[in-house]
K.L.:
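The structure follows.
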Amino acid sequence: MAKIWIRQAVLRALDDAMTDDPSVIVMGEDIAAAGGPFKVTEGLLATHGPERVIDTPISEMAFMGAAVGAAVCGLKPVVEMMFIEFIGVALDQLTTQAATMRYLSRGRLTTPLVVRASAGAGQGFGCQHSQMLDHWFRGTPGLKVAVTSNARTTYGLLRSAIEDPDPVVVLEPRVLYAEREEYEFDRNYRIPLGQAEIARPGSDVTLVTCGAMRRVALAAAETSHANIEVVDLLTLWPWDRRTVAESVVRTGRLVTLEEAPAGSGWGGDVVSSIAIEAFGRLKAPPHRITLPEAPVPYSGALEARFLPSPAYVAEQIATLVSTNKPPLPWWRNAA
Amino acid sequence: MAKIWIRQAVLRALDDAMTDDPSVIVMGEDIAAAGGPFKVTEGLLATHGPERVIDTPISEMAFMGAAVGAAVCGLKPVVEMMFIEFIGVALDQLTTQAATMRYLSRGRLTTPLVVRASAGAGQGFGCQHSQMLDHWFRGTPGLKVAVTSNARTTYGLLRSAIEDPDPVVVLEPRVLYAEREEYEFDRNYRIPLGQAEIARPGSDVTLVTCGAMRRVALAAAETSHANIEVVDLLTLWPWDRRTVAESVVRTGRLVTLEEAPAGSGWGGDVVSSIAIEAFGRLKAPPHRITLPEAPVPYSGALEARFLPSPAYVAEQIATLVSTNKPPLPWWRNAA
Amino acid sequence: MTLSNSNVPIVRREALKNRLEQLTRMVEIRAVEERIQKLFAEGHVRGSTHLASGQEAVSVGIARSIDPDDIVTCTYRGHGHALALGVSPTAVIGEICGRVIGCAGGLGGSMHLVEPEVGLLPTAAIVGAGLPIACGAAMAARARGKDRIAVSIFGDGSANIGAFHESLNFAAIRKLPVVFVCENNLYGEYTRIQLSTPVEDIAIRAASYNMPGVVADGQDVDKVAEAMATAVARARRGGGPTLIEMKTYRYSGHSRSDPATYRPAGELDAWLKRDPIDILAERLAGEKILAPGGLDQLKADISDAVERATMEVLDSPAPDLGEILSHVGAHSAGGDQRWNFWSK
Amino acid sequence: MTLSNSNVPIVRREALKNRLEQLTRMVEIRAVEERIQKLFAEGHVRGSTHLASGQEAVSVGIARSIDPDDIVTCTYRGHGHALALGVSPTAVIGEICGRVIGCAGGLGGSMHLVEPEVGLLPTAAIVGAGLPIACGAAMAARARGKDRIAVSIFGDGSANIGAFHESLNFAAIRKLPVVFVCENNLYGEYTRIQLSTPVEDIAIRAASYNMPGVVADGQDVDKVAEAMATAVARARRGGGPTLIEMKTYRYSGHSRSDPATYRPAGELDAWLKRDPIDILAERLAGEKILAPGGLDQLKADISDAVERATMEVLDSPAPDLGEILSHVGAHSAGGDQRWNFWSK
Ligand SMILES: Cc1ncc(C[n+]2csc(CCOP(=O)(O)OP(=O)(O)O)c2C)c(N)n1
Ligand SMILES: Cc1ncc(C[n+]2csc(CCOP(=O)(O)OP(=O)(O)O)c2C)c(N)n1
Ligand SMILES: [Mg+2]
Ligand SMILES: [Mg+2]
């Protein structure tokens, strides 16, 4: 198997989708001539030409909205939001316009578009360039949200998102772009939206996670005494209730590992749903491992502490399993 | 006691705050000369003058951002977002700029501003003017979110929000503006942010709600065979864990009543937290009563069905109490 | 006396080529708006509704200047545009009354009229939202190798929102076939343009994008069409976008029961003297297309027709409750009935 | 030979009145940017960093033209502006290296420099974010009855974002004391301005707001100051905002390791011939303020000083982990230490 950069999976997904479907276009800032700020669109311009690979002015509202109009009129735009925070100046077009188009036309108009964005922390981009922000989109009727976690899921989710008849947000943990992985491309490979996967089977605890935290979860599982089942949600909305619920019923314990503060993380919905559905069948209280409620710090030492490490996750789970009580997060211990 | 329109509570809160603190200014579209699209700022211009009561162009990004700059430099701006959806074109200034100002200056710069907005459904404003959208703000580090539910809580929350040293979003259910209530103003009355209140004591079920749903909950409680304790959260972030937890420990049952689809409602966080903290102490599974996952319909018959009615809430709770199983929502029964 | 009493959007649209039909449609728009005002008072209209009486020449002038397969985005003040583009009075009034007979089946309401058949995307309730969407529609047209264009209609107050600026720049740099039509009716809600906008003519803002900016008399349907024709031709031949500012006036308040007391005395009267219906009627009389007394007859006929449409609406049912969940996504019960803009 | 070797922002700022100090500061900015580039290569800088070598005259020209209690908003390309406004090299380099000695204690990083003492609000990482904030600062100044002004610095690419348009309109309609400074360095990231902006001079966009729009030579600190002086005076006397476009050039790529291969051959060389430091040095030599060979000596001295600052930074600790939660809200451990802009 070949070793590839994960960012190549983005490129291949886009390239293959454009080849397979002439209505697919990509647009964003510096994604054409320059090959993308993260080099995930390199070569697309040469292959597919300037009417399909489009550099835009710094005008998120204009190009996000243009994607909506283009989608309604028969194209399949894939918009790059370089950092997901940038949609803070253009959210209306996605959540208020794109997501209601089908409804307001009783199914006659749809907006099959994809917003892909780099997201998340870990590289010292500071607090305005390091968030996941999936809570801005999750639960918006008419919109789906997926998060990639490695080369394969990147390819599989992006291809499905581009083929989806409705608008989809795909968050790509930026920290993964520059990592290498063994992966053989299969242009028929898809991950259906709404389907989670068991990244590692286990019997003691179900650890639900996604994105860059998948690796943290897997690493934690390696060192843990508990036999941890790691579930990668992949799609945050609508999320795969069945896979999670079945796993939790098997293991009897539910822990989430989220790259967000508790107040906005997806774990609230997941834990509450499972607490409701599996009421009385859990061996221990559910537990959420989240970020502290603070902006993402720049300084390396601080950001390293800010993000859950495998050791911390393993320790939290160990405490849960041994005491049957949810452990305190590090910042409450420390205080 | 005098009968007042609830919108007068907004006006009085603003007026009193401006009188008590010369640094308070209000701004927004048509809030000055015209007295506000919902007439909640009527007379402020005459009393406080055009440098403090400011009509803005239709430029949410400009005036939201101007509020941030003014707040940093010593004013206390209260911004009206006529319909909360409009902040979809200006979210960045609130969640990315205002909310990080203190952090990025290590406490030397703060943004004591309030965004007040009418929100929610019930009057046929259609799907782009009828959402609560608290999920765009909840859990953003540095930001607080409150929801008013009657004249008293409107006054008490707004005064506290304006006095708060950090940015606060206050959502005002639009449907309440035109309702009348007995209320005697007390200019010293405040509701501390972060504090819920027990709107009605009860012993069988804790029904947690907020905003316009408070009345629905109270009406449901009146007719229910179960003795329902209604908790009005008032502040959605940070929310009052203690009041909710203590109530649930007393009643043994937790139900949320939310004006949002389950995927974005605050109940995920509330139910998951309580399921964790009160693990093993609940008599029945928690339950969430939410909106269906769909845009808000315009047609009156549809919108009436879309929103939970007292009868529906009572029925859901009756089923929960009698079966100890969470009942299906109406749209899953119907299908 | 009406030429097209069809309810079929495309037929109504084609009929607009006829001079008399242009007048008829303007009279119809006025009559529908007046009926809606009454329906509002009668409790049949929920939420808010934004009338455009006085602005009929803009609607009809635009509609007659473009093709049915061109794409139009528009704001909540869209009743007149929808009618001009071809949506029937029944479908417009029906939507505003939340009936299944409405153009969006009662799901959208007054602010969200729609008809793919004549290129009308759902009118948007968010100021500025339609401009970028029109840019995208224009991109799609070009990608399909069609000479179709997109038109975006918005108000003077909307020219101060970020999406206006971004869209004009975006369209200019990509030379997109878009015509941006600003209906300058002097007010954004209750605010006079001078209090929100430091320039008199919105059209001068086109210079910021190296784009033609044109001021047109929005009360004269032929002047509207003339300005449109140049811009449309330019767009179709790949010359890029144009900004046209239509000077016009709304007779009523911003919405619902706004009595528009903020207007200076005499302003409305002055505008009424340049009523777009009268202007065209006089011209058609001069051209012998309209018989003496013809306008009154037309008004009476149309008023009857609108009343019949209203009765049809009021007799028609509210949408089925199942509609609530039928059109959220492809997974919904309603399924895909996607309109193909490129079938022709 | 440097006049102020103080680290106190306000002292550094006041020192800029001196001609030689202006040159010194420009040399310092260049030296700091070069050192940061090296620190990046050495692994001391995380995330991204945006150098402004070549644009020093804009920074110093602005800083010398305004008062320390005026308010400045600026973008991520803010090292030079922060240094010019008075932030010390230690505080700038310290922040960029994430040390407690940094101007934001290492919490912000390269994109977020700050110093309330000299009116610098945290530089923003979101394009356009600073413009509305400057409007608000100007509102506060006026509300306090002070003749303070606000300055917002942003790039050419930022002139295409909605916040630019809305802010200029907002400032114009309220006649706010703001100076909008567009640093037109010909590129937004890797895109040449011609590909994103259909007009040559951003300054002409001022006409859309009935506001003076001025083009200034951004390589000549005196020309920068001249343009600023007019705009600042106008703002202070209540005349309202001005848009100034500074024609300038960044010698390096957009960020980090961008080799800027998208630039046409010879372009950099042509600009290097109009180096802002050389231009001022030559002028000062002519005015006999700078001795022969003085520039080289100055560069050497400053280079030493910057090296010392760098060493101080590298010797200083990372912030305490407790900092993570100390400044989120008033409830946080750090408590309120709010800067009072109006104490004087
Ligand atoms: C982003 C946003 N801000 C504010 C509003 C509220 N609003 C609705 S209509 C309107 C006035 C628009 O004025 P103009 O653009 O002149 O159009 P007109 O109503 O006169 O046709 C405003 C402020 C909105 N719908 N969207
Ligand atoms: C809203 C938003 N969109 C995109 C970006 C990414 N971005 C950072 S800098 C930059 C280029 C800005 O160019 P310009 O305004 O000319 O400033 P310069 O970097 O040349 O100083 C872009 C697109 C951003 N930070 N914020
Ligand atoms: Mg108007
Ligand atoms: Mg630039």
Side-chain angles (χ1 to χ4, degrees), chain C residues 126-133 135 154-176 178 180 182 184 187-188 191-213 215 234 238-243 245, chain D residues 126-133 135 154-176 178 180 182 184 187-188 191-213 215 234 238-243 245:
Chain C
I126 304 293
V127 161
L131 286 85
I133 295 176
C135 292
F154 53 92
D156 48 293
S158 314
N160 293 326
I161 205 153
F164 165 88
H165 171 68
E166 294 192 9
S167 301
L168 267 69
N169 187 70
F170 186 79
I173 203 77
R174 292 198 66 73
K175 281 201 169 231
L176 293 176
V178 190
F180 296 101
C182 178
N184 185 347
Y187 294 88
T191 298
R192 210 175 160 67
I193 179 170
Q194 287 83 347
L195 299 174
S196 67
T197 311
V199 292
E200 203 188 314
D201 294 334
I202 306 286
I204 74 144
R205 291 186 168 174
S208 283
Y209 318 102
N210 197 14
M211 178 192 298
V215 175
R234 180 180 150 87
T242 301
L243 171 64
E245 175 182 5
Chain D
I126 305 294
V127 162
L131 286 85
I133 295 177
C135 292
F154 53 92
D156 49 292
S158 313
N160 293 327
I161 204 153
F164 165 88
H165 172 68
E166 294 193 8
S167 301
L168 267 69
N169 188 69
F170 185 80
I173 203 76
R174 292 198 66 72
K175 281 202 168 231
L176 293 177
V178 190
F180 296 102
C182 178
N184 185 345
Y187 294 87
T191 298
R192 211 176 159 66
I193 180 169
Q194 287 83 347
L195 299 174
S196 66
T197 311
V199 291
E200 204 189 314
D201 294 334
I202 305 286
I204 74 143
R205 293 186 167 174
S208 283
Y209 318 100
N210 197 15
M211 179 193 298
V215 174
R234 180 181 150 87
T242 302
L243 171 63
E245 176 182 4

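Letters go in sequence order (proteins before strands), and every chain restarts at 1.
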K.L.:
Can you tell me which portion of D:S196 sits under 4.5 Å from chain C's heavy atoms? Options are side chain, backbone, both or neither.
P.N.:
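Backbone only.
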
K.L.:
Would you give the length of the straight line joining atom CD1 of D:I173 to atom CD1 of C:I193, rounded to the nearest 0.5 angstrom?
P.N.:
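Reported to 0.5 Å precision, the distance equals 9.0 Å.
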
K.L.:
In a check of side-chain contact (heavy atoms from CB on, under 4.5 Å) between C:N169 and each of D:N160, D:V199, D:I161, which one passes?
P.N.:
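So, applying the side-chain contact (heavy atoms from CB on, under 4.5 Å) to C:N169 and each of D:N160, D:V199, D:I161, only D:N160 qualifies.
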
K.L.:
Using a 3.5 Å distance criterion without hydrogens, assess whether the side chain of C:H165 forms a donor-acceptor pair with backbone atoms of D:A159.
P.N.:
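Such a contact is found between C:H165 side chain and D:A159 backbone.
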
K.L.:
Using heavy-atom distances under 4.5 Å, tell me whether C:Q194 contacts chain D through its side chain, its backbone, both, or neither.
P.N.:
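The backbone, not the side chain.
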
K.L.:
Hey, could you give me the CG/OG distance between D:D201 and C:S208, rounded to the nearest 0.5 Å?
P.N.:
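D:D201 atom CG to C:S208 atom OG measures 11.5 Å (nearest 0.5 Å).
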
K.L.:
Using heavy-atom distances under 4.5 Å, tell me whether D:F170 contacts chain C through its side chain, its backbone, both, or neither.
P.N.:
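Nothing of D:F170, per the 4.5 Å heavy-atom cut-off to chain C.
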
K.L.:
Which answer fits C:L168, side chain, backbone, both or neither, if we ask what part of it has an atom under 4.5 Å from a heavy atom of chain D?
P.N.:
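It is neither, since no heavy atom gets under 4.5 Å.
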
